There are 2 protein chains.
Amino acid sequence: MSDTSRVGGRQPSDWIESFAARFEAQEGMPLIAGRILAFLLICDPVERTAAELGAALSASSGSISTNVRLLLARGLISKTTRRGREAAVYQVREDAWANVMLRRLESVAEVSELTTGGLRMLSGQGDRADRIREVDQFYSWLSGELSQLRGRWEAHSSRRR
Amino acid sequence: MSDTSRVGGRQPSDWIESFAARFEAQEGMPLIAGRILAFLLICDPVERTAAELGAALSASSGSISTNVRLLLARGLISKTTRRGREAAVYQVREDAWANVMLRRLESVAEVSELTTGGLRMLSGQGDRADRIREVDQFYSWLSGELSQLRGRWEAHSSRRR
DNA sequence: CCCTAGCTTCAGTGAGTACTGAAGCCACGA
DNA sequence: TCGTGGCTTCAGTACTCACTGAAGCTAGGG
């Protein structure tokens, strides 16, 4: 199949590995989940069955099952079932990507709940709270900024269509 | 010492554990690194030796050594050496926090390098590149937004002093 | 009501890693 | 040059977790 052949001077299989490695480092995703995601981003046709994924990525059925569920849970791929005993097919939800990643970014700012809690814990302790107040101010600001991001993305992407 | 006693109706030791758990989940930091960070945020006095950290957090000297190096490498704490055979002391760099976290956020947008590479790989393949193009547009936009964040934080924080 | 394709579950395996504690390594002071 | 305090290194241990492959489950077709 053309998915693993050379295209445009670069091996898709290498690209898939890089993509998987990045998502392992950044999101703590298992390598196979990243491979599935990468493969579904560039494969033709768009939809693939679990068996096809396993064959293309040399992974066991159990692994595919587990990692496909992980990606479904995160909302990055969709599952389409078909009548009869035909296999279900999976594909990336490129439209949902922004949502998922923005939500992930926003979770970073949840540290502000901890810092504000710590600030309250040290209330009345004078300048012992100085350090944590400084950090808290950053996270509070970040929290606001990141929630604005979502609105700005919607404005930006709607302007494009 | 007052660091582990009740303050303001909440146990600092519980707060430290929550903080460490959060940083383990979010940044993939070892628990002990998170504990050191949390402890250094609220302890009095501000500076602590490796031995004091070990005693306060019930961790071995080796663990403290390793994790203190990790935090130093990330730029979240500083090490102050003293003349003679006195022990070095560590403290949080609350001023560097914003920088470190902003850099971390910016790294998320580095996925755009992968998506742009994938786009190039599929050039001339018609609408097979549609999915990855969509994702690439998001990351490219995000990349720009996140690099603006740094400037906005500097403006915000300088306005405050 | 069985057969069978596809999917999920799960025990077992291997790889990776956080942590300990002791031994080794500095570097200063005498 | 030796003694000593502090720090780092490292072998060993315990634990976590991704992954496999086989067994079990489910649901449509004959």
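Owing to the predicted nature of the structure, the values given are computational and were not obtained by experimental measurement. Proteins get letters first, then strands, A, B, ... in listed order; numbering begins at 1 in each.
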Tell me whether [X] contacts the main-chain N or O of [Y] through its side chain, where contact means a donor paired with an acceptor under 3.5 Å.
{"X": "A:R131", "Y": "A:D127", "result": "no"}
{"X": "B:R22", "Y": "B:G34", "result": "no"}
{"X": "A:Q26", "Y": "B:S107", "result": "yes"}

Please write out the pairs of protein N or O atoms and N or O atoms of nucleotides 14-25 of chain C separated by less than 3.5 Å, giving the distance to one decimal.
unit_1	atom_1	unit_2	atom_2	d
C:dT20	OP2	B:S60	N	3.1
C:dT20	OP2	B:S60	OG	3.0
C:dT20	OP2	B:S63	OG	2.8

### Message
Do the side chains of B:D130 and B:R133 get close enough for a salt bridge, i.e. N-O under 4.0 angstrom?
### Response
yes
Residues at least two apart in sequence or cross-chain that pass side chain to side chain contact (heavy atoms under 4.5 Å, CB included) with A:S58, listed by chain then number, are none
side-chain hydrogen bond (donor to acceptor under 3.5 Å, both in side chains) filter on B:E113, not counting sequence neighbours, yields none
Take atom [atom1] of [X] and atom [atom2] of [N], then tell me their distance rounded to the nearest Å.
{"X": "A:R48", "N": "C:dG6", "atom1": "CZ", "atom2": "P", "value": "16 Å"}
{"X": "A:R69", "N": "D:dA18", "atom1": "CZ", "atom2": "P", "value": "14 Å"}
{"X": "B:E86", "N": "C:dC26", "atom1": "CD", "atom2": "P", "value": "22 Å"}
{"X": "B:L70", "N": "D:dC7", "atom1": "CG", "atom2": "C1'", "value": "17 Å"}
{"X": "A:L57", "N": "D:dT20", "atom1": "CG", "atom2": "C1'", "value": "15 Å"}
{"X": "A:L71", "N": "C:dT8", "atom1": "CG", "atom2": "P", "value": "13 Å"}
{"X": "B:L72", "N": "D:dC7", "atom1": "CG", "atom2": "P", "value": "12 Å"}
{"X": "B:Y90", "N": "D:dT8", "atom1": "OH", "atom2": "C1'", "value": "10 Å"}

Classify the nucleic acid contact of B:A51 as base, sugar-phosphate or nothing, counting any heavy atom under 4.0 Å across all strands shown.
-> nothing
Measuring only between side-chain heavy atoms, which start at C-beta, is B:L142 closer than 4.5 Å to A:L105?
yes
Side-chain atoms of A:A88 come closest, of D:dT8, C:dT8, C:dC7, to C:dC7
Return no unless some side-chain N or O of B:K79 is found under 4.0 Å from OP1 or OP2 of D:dT8.
yes
